[in-house]
Structure formats: structure tokens, C-alpha cells
Amino acid sequence: MTAVALQVDDLHKRFDAVTAAEGISVTVPEGVVWSLIGSNGAGKTTFVNMVTGYIKPDRGRIQFHGSDITALTPREITRLGMRRSFQIPQLCAELTVLENMLVSCAINQDRKPSFWHPATSKDDVDKAMEILARFRIAESSNHRMAELSGGARKLLDIAMALYGNPKVMLLDEPTSGVAAEEKFPIMDRVMEALSKENVTTLFVEHDMDIVTRYSDRVLAFYDGRIIANDSPDEVLGDEDVQRYVTGTVT
Amino acid sequence: MSFLKSLPSRSLILFCILVGLGFAMPTWGVFLVTIAFAKGLVALGNVAMMRGGLVSFGQGLYYCTGAYVAGFMAIHLGFSDIFLLCLAGVFVSTIVGAILGPILSTYRGIFFAMLSLAVSMILYGALSKATALGSTDGLTLPGPTFLGFAPEGRALSLHLYIFTVTLVVAAGTLMRMLFDSERGLITLAIKDNELRVEYLGASVRATMSVNFVIAAALGGLGGVIAGLAIGHVDPEYAYWTTSGEFVFVAILAGHFSVGAIFIASVILELVRSFSSLYFPNTWQLALGLFLLLVILLLPDGLGSLMKRWSRATAAFTKKRI
Amino acid sequence: MDLLAVILVDGLIYGAWLFIVSVGLTLVFGVLNVLNIAHGSLYAIGAYTTASAVGLYFAQGGDSFPLGSYAVMVLAAAVVAVVVGPILERGLLRYFYGRGEVVIVLVTYGVFLILEDVMKLVWGVDPYFVSQPYALLGNIEFGPLIYVAYDFLVIAMAIAVGLLVWFVLNRTRKGKIVLAVIHDREMSETMGVNVRRVFVVSFSAGVFLAALGGAITAPMISVTPGLGVSVIITAFAVVIIGGLGSIEGAAIGAVLVGIARAASVHLMPEAELFIIYLVMAVVLLFRPEGLFQKIQARKI
């Protein structure tokens, strides 16, 4: 009986006239890789935002490895071990790739960030470079965000979130804005890093090839509700999903 | 060779040079640099916060607090020892900063600037009507003593100068270490993307509150020294244009080099002194134009020039080896 | 009861003045996203220009039609707007758009420093007195109290300005275009709006309102250097209280601050100099972006 990584019960959220979530309930076991699909406005990103504390649900409960996190802030949820990456990579534009990584390392190391220990000490730089190398963006270590490709920015965004051994990882559209030929290589690297640490992974995606190739299960969103929760083949073959999400019904 | 490059040894060399300069300069020069360095300390506090994206238009609050604490203690309590006055000024300013920091650190951009300005103007207004503290006339401070020793004339100026130089080199070195530290890098990250920093697990509010309190302490220290050097404190220390000057110096210097802050402060004092002597109706014009030029051409301040220069020298020496 | 009435009247008079002085600042921020520290200098230039113009008017035989001096005052403000507005906006500010709100604030701080000395060079450092327009309308008696009628003209002027701005923005086609630019500059541009022209016109309107504030104040005081320095932060406080970019906010903020200051003058004079900042601090503590906040779009 595997432990439950994330337990969501009856989430509701309305923004004035828009229903972003209506009765969302799902049980995510430890160690799985699931994907979330749905057209724009279906409620996928709102779900991610609520689960990571950026938005508070109107009703409902979210539990992370048994503890109630519904009222916690993003920072507290991060410290508990749930991390996320962003649809639009959230990087520090004036800092180099290496410095971005060093920030993540400084915050997520075992001791509290120091008032005097240099941020660019040899040990810290080596550690950061090692992670950058694992994601194969080490050559760009001295570049700033403006000089990176979409794929490299996504990888850095994910690498920063990954540092510190998270238990649950939420990836918001990891391959959007990435050139077609880069999509698989990027997902390969990311999934390799995540599976090594047995991280429970949820990713939001629009590309069904990515969905079928990398996820064990698919959650389909429509109009704030989950309309399907099954294996990729089952979900993509479902009539409602085809009508409302993939647009392949005849 | 690497010993000479380390920060403590560079600071020591700088200290010796500055002290030597003091003996070589005429008394008006010593006085000018002392004031410039005192104000530079306040601007250093501004830079500490600007690295996190917050521009405070109210550092005059701490500058004024420090100065008035020193004045009050010297006149009404009879304490004249400079070490004691500095400790008291810094202590009170730090308390004020510690109270205001957590509240103000939740504000951003224009609102932070205006709120910090508002608090400083409240002190200005209150002091202007406080007859016990001299109202708008302020207080006249006696010359400080140095652990029992009471110099006068040029000797007093030199004592004050060397005391200030010691504080500036020490504070500058410590702040340089802070800026290069892990917390310093996190502060820079906050300026670019607060949300990300929160999502990485650090508290933006806690980090900026610490920067805020440090800036308050530096402001208070600068105020004590300026008050003692000028010999007079008045509510103008908390007026928004005074705070504006500290912002001016911080912008001029940029956040890459601590030394640039004090150089910029000296430049400002030189321009002000000579202009009010020879061009009393155009010195603000000159400053304004200067500021516009800096914003246009050197958006990262004078310090960025020094950074480029040191990078170029490093690249050059690398090539040679 | 009497004291309350006095505080209300004093508060409304001061509030009316505050509104005229501040509305231009909030308008410019709303349209261009520029927080103009030089606003106080523009107010001062308005005062000086009016002092010169009215002085000239009466020297050239204006005594035969003294009420004409009021028209001269408005005209002086208009001249300042038409001359200074485009020079500042097209000639300087536009090179710094897109570098962030704070950079623009620093640029306007530089402009403030420059204009302070420009005024000294043009008008000298001696004070100017043009009190004829102030005394022209005589006095009004409220029981035992005597008020100068001109002060009530200021109230009428504030209401007129408020209504005019509201009308232009909400009921004219050009005004609605300005509102569109306030709400979403990029979208307006893609819909074919000449945003550059909207910027110049709006900024000049802001200059006019600042100069108008100075114009109506000139007869009440002696016009000296440094006039604008305290006005800037007073206007800021009102605009912050009301919410940056909100005209209604500026009106309510002005009345709030006016009454607070009047109350302070009569009840607690020690607080007179800082009551406005206290009100601002309190408002910001409860409404971090002022009374009328702009709606924020989703960030992530």
C-alpha cells in the first residue's frame, strides 16, 4: 500500500463569473508520474496554483503527505517538499544562469543562508555546476536569461525547483515555448532526474505525444472539473475528452 | 600576491591611504570629506535596500534620529564621548528600524518610497513643533571627546576624520562581505523575481527586513557623525530633500562597488560647496543635469565603471599568464 | 457645533486647493505611468508666470477691468502647459519609458532640480506680490468669522475642474480614448490609437492643472523660490491616499486631507505639519495601494 503524496478533496474556486474549480477531488500516490490535460481556461493552472498555495480555494482541502496545507503560503509548502516549475519560466533576469542556480542552492541547503559566506565559493559553484551539467545547460552558466533559448530557460526553471530533494514536483507546461525537436530531449532529461529521486510528478501539458510517452495516468480537466482519470489510452479514447480537450471527435 | 588581493588587506591599505590624506589636506578638505563620508554611510544603507529593489525616500528618518539622539545626550545629559554618542544613536535608530521594517517591507515600488517618505516627514513635522528640542532652530552640539581626550581646532577635525574613516572602512568592508554572501545574492534575486524567491523557500519579507534594519543602523551612525561634524542638528535632517540626496548618491554610485558610494558622496559635497560659493543659483541645475546624464549613460552607476575596469584588468592579466 | 462648521469650511477650502494641485499628478500617472516629482516645480512656474502676467496686466491698465485678471491667470497656466508640456514629455521623458517606474521618478527628480534653478535664473530670488485678484471679491461673513470670498472661488474652481476632467474623460470620444490607454496601453496601440499623441496631450493637461494650481495660489502668497518643494509631497500624499491614477480618489483624498488638516489646526496644532503624512500612512496600512486600487491581472 503506497503512501499518498497528495490528497485533494472537493476544491472549489470562482473568479467572479468564471468557475475555475468545481468539486475537484483526486488522490495522488507516491512516486507516480501523472499528466494534467485540458484546454485553456479549464482549470489546470488554477489547480496547480491552489495546490502550491498561490491561490486559496473557496472550499475544499489539500493534504500533502498527510498534513493539511490548504492555508499555507507557497514558501511554507515549498519547505515541506512540494516544488513547482512555471509555464513562463520564473528566472532572475539580471543574474547569470550560474547565479540563478546558486540562489536555489543557497536557500535549499541544510543550514540557513549565511550573512558572510560568499555565494560564489568554490564548493557552492561546483555543486551548482554539477546540477547544471545534469540538465546539460552548464555551457551557458555565464549567460543571462535574455541570451538563452526557450528550452534552456525551461530547464533552468526546473533545475532550480528540483534542487533540495522535493517529494512532489509540479511542472506547468514544461515543453511549451520549446522548439519541437527539443521537446523530447528536454523531457528525457527532466524525467531522468526526477525518477532517480523517486519524485511524485504531475505535469500540465498540451502536447499529447508528451502525455502518452511520459505519464502513467492522465487527468483531463474541463470547465473546472476533472472529467477523466485513467491511463493515457483510456483518457485519450474517451468521447468527452475528445470533444472538450483534444478536439478529435468526428 | 593573493594576500594583497584579499578584502581585509585591501581595506587596511585603503585605511592607511585615507588617514595619510587627512594629514595632507587643509582643514576645510578634512571637514568636507568627513561630512561626505557620514552621508555616504546613509547612502550605503540605501544601496543595501536598492539591491533588493526597494528605493527608500525616507532614510532621513534615521539620519535625523541619530543626530538628535547625539544632540540630546550631549546637551541635556552631558555626554560628550563620541563612542557613547555613536552607540546610542545607532541603538535608537536600529530599534526604530526594527519596528518599522516588518511593516514597510511588505510594500513595493512607489508605495514603499512614499510610505518611507511619509514616516520621515512625520518626524520632520513633529520635531519642527517640539520646543524642547529647539523646534525649527534645532540644537547646537558641542565638540565630541575621544575617550576623555578633548581636542580642538584642526586636531578635533582630524580626530573626527580618522574616527569616521575607521567606521567607513569597517562598515564598507562588512557590507561588501554581506553583498557577496549568500544572503546578498538572495537579495539581488528578490529585486528580479520575488515570487520565485518565495517559491524557492526563502522569506522575502524577512530578508528585506534585515536589509532595512541594517540601513537604519547605518543611517543613524551617519547622522551622529554629521551632527557632530557640522555642530548643529535641525528637523531638515528628516526633510524629504535630504533623503533625496542619499538616493542621488546611491543612484550615482550603483550597487556594484561600495567604494563608489563614498566617492560619489565626496563628489556631491565638492559640487555643492563650490557651487554654492560661486554659482548659488545653478548648482541644483548642475546636479539635475548630472543625474540625468548618469541615468541615461551609466544606468548602473559609477560602480559599474569600476566593475568593467576590474573585469578588463582581470582579463588582461589572465591573458598575460 | 460652531467649531465643527469652521473645521468643515476650512477643510473644504484647503481640500479644494489640494484637489486642483493634485489632480494633474494623478492624471499623468494614470496615463503615462509617470510619477512626476517635478509637478511641484510646474506648480511654481505657474505661480511665477501668473505673477508676471497679472503684474503686467495691471501695469498696462488692467485696473479698468480687474476681473480680467482671473482670465489672465488661467491663460498663464495654459501658456505654461503648451510650452513646457511638450518639451518635457517629447524632449526628455519619452527616452526613459520602458525602464521602469522608479527610473522615471529619478528622472523627474532631476528635472525638479533643474527647474528649481531655472526659475531662479528667470525670475530672480526676490519675492513677487500680486494680491489684487485675491482681494477683488471682498469678504464673506459667516457669523463671527470673516472669510475671503476668493477662497470660495477656489472651491468653485475645484468643482469645475473635477467636473470638466470627468466630463472630458467619460463623455467625449477623445476622453474615452485616453481611458482606454489608461487601462491597457498596448491594446490601445494595437487598436490604432495614437498613443504618442495621447501622451503629449495628457502630460500637457497635467502641466496645465499643476500650473493652474500655482496660478490660483499666487495672489494668496508671496511667490518665492522653493515654493514647489513642499507642494510636491503634499500632492503625492493626496494622490497616494486616493490611489494612483484615480481622479475620484484624488477628490476624496483631497477632502479627507483638507478636513484632517483643518481639524489639526484647530484641535491639535502640534500635528499640523505632519497630519497629512499620518493620514497617508494610516490609509496605506489598510489599503496598501490607496483607496481606489487598480485591478491587478494574473501574473503566473
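A note on names: the letters A, B, ... follow the listed sequences, proteins ahead of strands, and every chain is numbered from 1.
A281(C) touches chain B through backbone and side chain together, each having a heavy atom under 4.5 Å away. Of the two parts of L92(C), only the side chain, counted from C-beta on, holds a non-hydrogen atom closer than 4.5 Å to a non-hydrogen atom of chain B. Contact annotation for L291(B): only side-chain heavy atoms (C-beta onward) come within less than 4.5 Å of a heavy atom of chain C. With a 4.5 angstrom heavy-atom cutoff, V119(B) does not touch chain C via any of its atoms. With a 4.5 angstrom heavy-atom cutoff, V125(C) touches chain B only via side-chain atoms. Proximity to chain B (any heavy atom under 4.5 Å) is shown, for L284(C), by both the backbone and the side chain.
At least one side-chain heavy atom of I233(C) sits less than 4.5 Å from a side-chain heavy atom of Y239(B). Side chains of L115(B) and I240(C) form no contact here, defined as non-hydrogen atoms less than 4.5 Å apart.
When the shell of 6.0 Å around CZ of F274(B) is examined, it contains 12 or fewer heavy atoms from other residues, nucleotides or ligands.
Of the possible donor and acceptor atoms, none in the side chain of W283(B) sits under 3.5 Å from a partner among the backbone N and O of D117(C). Side-chain N or O atoms of Y277(C) include none that pairs as donor or acceptor with a backbone N or O of G125(B) at under 3.5 Å.
When each of F274(C), Y95(C), F236(C) is scored by its heavy-atom pairs under 4.5 Å with chain B, the top score falls to F274(C). Considering only heavy-atom pairs separated by less than 4.5 Å from chain B, the leading option among V103(C), L115(C), I276(C), L285(C) is L285(C). Counting heavy-atom pairs closer than 4.5 Å to chain C, the top-ranked of the candidates T106(B), L296(B), L104(B) is L296(B). Per-residue counts of heavy-atom pairs under 4.5 Å with chain B were compared for V105(C), L278(C), V229(C); the largest is that of V229(C).
The aromatic rings of F57(B) and Y109(C) lie perpendicular to each other, with more than 60° between the two planes, well past the 30° mark.
Annotation for K129(B) and E272(C): closest pair NZ-OE1, 3.4 Å, computed over non-hydrogen atoms.
Interatomic distance, CG of L287(B) versus CD of E116(C), reported as 12.5 Å (0.5 Å rounding).
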